[in-house]
Every structure is written in structure tokens, then in C-alpha cells.
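Structure first, then comments.
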Amino acid sequence: MRLVMCVVMMAGVFALPVQAKDAVPPTREQVAQYADNLLADNYAADGPGAAVLVARGDQVLYRGARGMASIELGVPLSVDQEFRLGSITKQFAAAGLLKLVEAGKLSLDDPLSKFLPTYPNGNKITVRELLNHTSGVKNYTEISGRMGLPVRADLSTAQMIDTFKDQPADFAPGEGWNYSNSGYVLVGAVIEKVTGEPWHVYLQKALFTPLGMSHTRFGDDHAIIPGMVHGYSMDSDKVVPSAYISMTQPHAAGSLVSTLDDLLRWNRALHGGKVLSDAMYRQMTTPTGKAQDGHYGFGLELQTLRGHPTIQHGGDIFGFSAALTWVPDAGLSVIVLHNSDSDPPGTSGPERIAATLGAVALGDPYPEVKPIPIDIDTLKSFQGVYRIDAKTTRVLRMHDGALTAQRTGGERTPLVPIAVDEFAYPGTFSLMRIERDAKGAITGMRVFQGGEGLGDVAPLTTDPLPTERKAVALPRAALQRVVGNYIGDGMAMRVFVDGDTLKTQMMGQSALTLFAQSQDQFFVTEVDATLEFAPASGAVTTMTLTQEGHRVVFKRGADQ
């Protein structure tokens, strides 16, 4: 969720019709024209932008960039510049470790304790479980406050492990699946124990140099990296330099940098049998056990695009986001590198850009979403609480004249009606369909995820709609009373007045509007969160954030 943690949103993109059987791959010129238009629609020429590459086999269909590599210096983006990869790093770490397995230096079923004897429960966690996120090791980026000020410190591998090793496990090893950056820090630690050198130095020798990837390396923030672009964030709809993170902390989970051409070279090598044996590659790209729940191999996700199986991964890190996709049956590579960690309103992120371009290159573009009018009474009939599982629901309700959907812990999203009983999620490929019985009564909803498949059903319950909180008007003096900068649990948050509106913004996130319940309590409508300022009158000294059972107390800074 936003504020304390990353916002919980519905995973993936959502269903549209499966690939047309008579799809004809477009020409290079057609792909290039579409890509140029797509970049122009999503990235301003004078702001953060993206470098994009689409290739069919070794034939590059499109290589282009739009936006600025350095807004401050007026340097435009170009196709040969270096970007942070974030979690795309994981497939390199996984492949490097698998090469050590092939060399007989370790086994996938070796316990973690063989390499880190003092790691808690390390005798029960296997190397395989670290690679496919079934270890149960707590993801350090989900630890409250961990991604605030603490993430700026340079840490050794051992110090990084100390930040999460004593956290309660999410589940017993092998008994569940949960994406864990901590698991890949441990993958890096295993590489270091086996090779006796830093994990990234080993990857340079084992992968990057042999494959001719001369622009792929550890993103050392204390070194000058030729061609490295600047990273940005959004602050109250304004572009600002991204928050600082020591690249020692993403470690083998996310601290590499690379270029479009190096990533194409990697796709062709990894998926063309030049990195691993066929047997080891099959293990890397075949989810097993609980990893099937996450469609996850080793550092790679298995999804589909317009009916085609894909092997892909995204990356998100301070200042940058990225997507790297491989479509095996078409030999198609799609790479999108974005030098911002947030997208301006109304634009698409790298993974959606990659899916859109991939569909076009396959000759089966996603159809245009065309809204249709639906009367208010019909929209109201869809309102209700639909149950996904024991802990999660999706609530449909009217808000400001539109039908909205809100998953437990997620954002309220207005839905776009596109057909009778069918709605699209704006800015995504998301599709929701109302389910009815033989008599026409609503029985549930079906949400189609990943742009494919039969969809997931959430039955309609008899639960009443959650009570909506009512805002009260406060004089400007009451709003000004709570304005300030607040620090709590390693996180920084500011509260400010924008025009006549009170807003709050967590460091590295977009601003949210605050609504008053009283002179000391405010709430956010985008997510279920409350801010309480104390004392209730006079000078404010603390602010308590409550969200989904989490409470964090912030102290107000001295300079207001």
C-alpha cells in the first residue's frame, strides 16, 4: 500500500480476446511508426523518458528513445545510454549461480546453512527456494520503514543480511510463494561464498565479458559510469530527482545497470542456449511446487501475451523502471528502460508499453477501449462486496457518478463500461465481467488477469458496503496547524497545503489528498489510511499513520 509500503494493486494486465489466428506480423516500418507514436503519447520530450528496443530474432524492428537523460543539463536520452535495471538483475544472478551448479560447485538442493552456517533456519532453506521465492524469507523491502532513510547506507553483504535475517518467516520453506528481494541478497551471498569474490565481479567474468556485454555492470553509485542517465520521481505532479539509495542494498536482487543492446544480446544468448545447458535452462524457466502460484522460475516470470507464452521480468528501483520480455515462439525481444520510478498521470509504465509493443510486433494489437453509456441505476445494481479469498475482497460502489472498484488494501479505481456487464480498468489492459445466473441475477465478477485466460471469479457476498467516511470542512488555520515535515520509523513524510487542499506525500511517492474527520484526524480516500495529529489543539508534535492494522508514529520536524 502507499504511504507505509508500496501500493497493493491487482497484478498484471487483464484479459482481452486471445490472439487472432490469422495475425500477420507487421513490417519493420509499421512497428517503428507505432512505437514512435506510443513514446510520444507517453513521454514528454523535456521530461524523464524511455529507451525502447523491439527485435525479431537478431533483426531490430525498432530502436528509439524519447525524453531527457538529464533534465538539469538538457541532455536528451539516446539508445546507447545506461539505466538501472532493478529486479531484472535477478535473472543474471540466477544464471550465474546456475553456472556454478553446472560446474559442480554446489547443488540446487544444498541448504543455505552450507554457505551461511548462522542464518536462522538455514538448514531448512534450499538454494532452489531462494531462486524461486519459496524460501519464506521476509522481503526486506516490505519491512516497515526499511525503504526510508536506512536504505541510504552503504552495507556489506553480511550487514544487508543482518537487516532481515531475524524477521519472522512468511511461511515454512517450500510451503508458499512470496516475492522476496531478501532471497536474492542471499543468492548473491551464496555466489560470494562459493567463488570467494563479490557476486557482481563473478557475474562480470562468467557472463558479461564472455557475452560481449560491455555496458552491463554493478551500478556503483560511488563510481562514474559513462553514459549513465539520471533517475527521477514525481513530487506533487512535478518532476524531481529521485531519492537516494545505496546500490549496495539492492545487491543481487536489483543493482545492475545496462543498455538496450546489451539486454538484446542477453536475451538472444540466454534463450538461445549460449549461457546454460538445455537441462539447466529448462529448470530456470519451469515453475515447480509453490512457485507455480507465482508463475516463477529462477529470476524469470512465465506469462502470456496475446496467446503466446512469454518469459519476462520487470524492474523498479529509485529513479528507474524497466521491462524485459522474450516471446519464444516468435523469437521476439521487447525492452523498455524508463528513467523515472513513477509515471505521469494518464501514461503507461514500462511493462504495459512492452506488452503493447509486443502485441503490435506479433501482428495482434490490443483492441482500442471504447466506452459506452450506461444509466446510473444499472451501475448501482453492480454495487457490492465480492470475495476473492478469506482475507481479500473487491468492492464495487458508486463514487462521483462512476462505478469504482477497490481491492482490499488497494486503490479505488473508476471503471470504464465497454459492453453490457463488462468494464475496463483505465490505463491497463484490465477487464472485469459481471457474472449472472440463468435468471439474470448477479452472482459474482470475473477478472481476467495477464491479458489472457479464463479469468478469476469473485462471488458476490451479502456483506454490506463498507461505510464511507465523511469529510468535514475546516478553516485554513486548522489546515496550516498540521503542515510540516515528519519523520518516523526511518520514513519521511510531509504535509502541505496546495491551494485550498491539504495533501501528504511520503518520500519517493506521489502526493495524496487529505480529508478532515475532525481537527486532529484526517483520512485518504485512495487507500484506507488515517492520519492523527497530536495534541488535538495547539502546536502539533506527532502524527500517527494507521493503515491496514499498521501504526507508525512520526515526529514533527523542528523547522516548519
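Values below: every heavy atom of this structure, side chains too, minus hydrogens, waters and symmetry copies.
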Donor-acceptor contacts, no H, no angles, side chain residues 315-331, under 3.5 Å, sequence neighbours left out:
from : atom 1 : to   : atom 2 : distance (Å)
S321 : OG     : S340 : O      : 3.2
D329 : OD1    : H308 : ND1    : 2.8
D329 : OD2    : H308 : ND1    : 2.9

Fill in: Aromatic ring proximity H313/Y296, centre distance under 6.0 Å
yes
Worksheet item: Would you say F448 and D456 make side-chain contact, with heavy atoms under 4.5 Å?
Response: no
Worksheet item: Distance from L263 atom CG to F83 atom CZ, nearest 0.5 Å?
Response: 10.5 Å
Item to complete: To the nearest 0.5 angstrom, please state how far the CG atom of L264 sits from the CG atom of L260.
Response: 9.0 Å
Discussion item. Within the structure provided, determine whether Q312 and L305 are in side-chain contact (heavy-atom separation under 4.5 Å).
Written reply: no
Discussion item. Main chain of Q303, side chain of T310: is a donor-acceptor contact present, judged purely on distance under 3.5 Å?
Written reply: yes
Worksheet item: Okay, side chain of T393, backbone of V395: is any donor-acceptor separation there less than 3.5 Å?
Response: no
Worksheet entry | Donor-acceptor pair, side chain of Y184 and main chain of L131, under 3.5 angstrom | yes
Please list every donor-acceptor pair under 3.5 Å in which a side-chain atom of residues 67-77 meets a protein atom from a residue at least two apart or in another chain.
from : atom 1 : to   : atom 2 : distance (Å)
S70  : OG     : L73  : N      : 3.1
E72  : OE1    : Y232 : OH     : 2.5

Worksheet entry | Check: T259/D261 side-chain N/O donor and acceptor closer than 3.5 Å | no
Discussion item. Ring centroids only, cut at 6.0 angstrom: are H215 and F208 within range, meaning strictly under it?
Written reply: no
Worksheet item: Just wondering, are more than 12 heavy atoms of other shown residues or ligands nearer than 6.0 Å to CG in D500?
Response: no
Worksheet entry | salt bridge (charged side-chain N to carboxylate O under 4.0 Å, His left out) pairs, two or more places apart, involving residues 217-229 | E82-R217
Worksheet item: Hey, is the main chain of T513 close enough, under 3.5 Å, to the side chain of K503 for a donor-acceptor pair?
Response: no
Worksheet item: Charged N to carboxylate O under 4.0 angstrom, D262 versus R265?
Response: yes
Discussion item. Show me the pairs that pass ring pair (Phe, Tyr, Trp, His ring centres under 6.0 Å) and involve residues 234-253, at least two apart or across chains.
Written reply: W199-H251
Worksheet entry | Under-4.0 Å salt bridge between D235 and R494 | yes
Practice prompt. May I ask you to decide if the ring planes of Y179 and H133 are parallel, tilted or perpendicular, using 30° and 60° as cut-offs?
Written response: tilted
Worksheet, complete the sentence: Taken to the nearest 0.5 Å, the spacing of R446 CZ from M432 CE works out to 12.5 Å
Worksheet item: Ignoring hydrogens and geometry, is there a side-chain-to-backbone donor-acceptor pair from Q383 to M398 under 3.5 Å?
Response: yes
Fill in: T392: side-chain contact (heavy atoms from CB on, under 4.5 Å) partners, not counting sequence neighbours
I388, D389, R407, T408
Worksheet item: Side-chain contact, heavy-atom cut-off 4.5 Å: V52 with P350?
Response: no
Discussion item. Distance alone, cut at 3.5 Å: any donor-acceptor contact between the side chains of D498 and T501?
Written reply: no
Worksheet item: Sub-3.5 Å donor-acceptor pair from the side chain of Q505 to the main-chain atoms of F496, do we have one?
Response: no
Item to complete: Indicate whether any N or O donor in one side chain lies under 3.5 Å from an N or O acceptor in the other, for T141 and N139.
Response: yes
Discussion item. What's the separation between atom CH2 in W266 and atom CD1 in I88, rounded to the nearest 0.5 Å?
Written reply: 12.0 Å
Practice prompt. Can you sort out the partners of L502 under side-chain contact (heavy atoms from CB on, under 4.5 Å), two or more places apart, ordered by chain and number?
Written response: L479, V482, V483, V495, V497, L514, F522
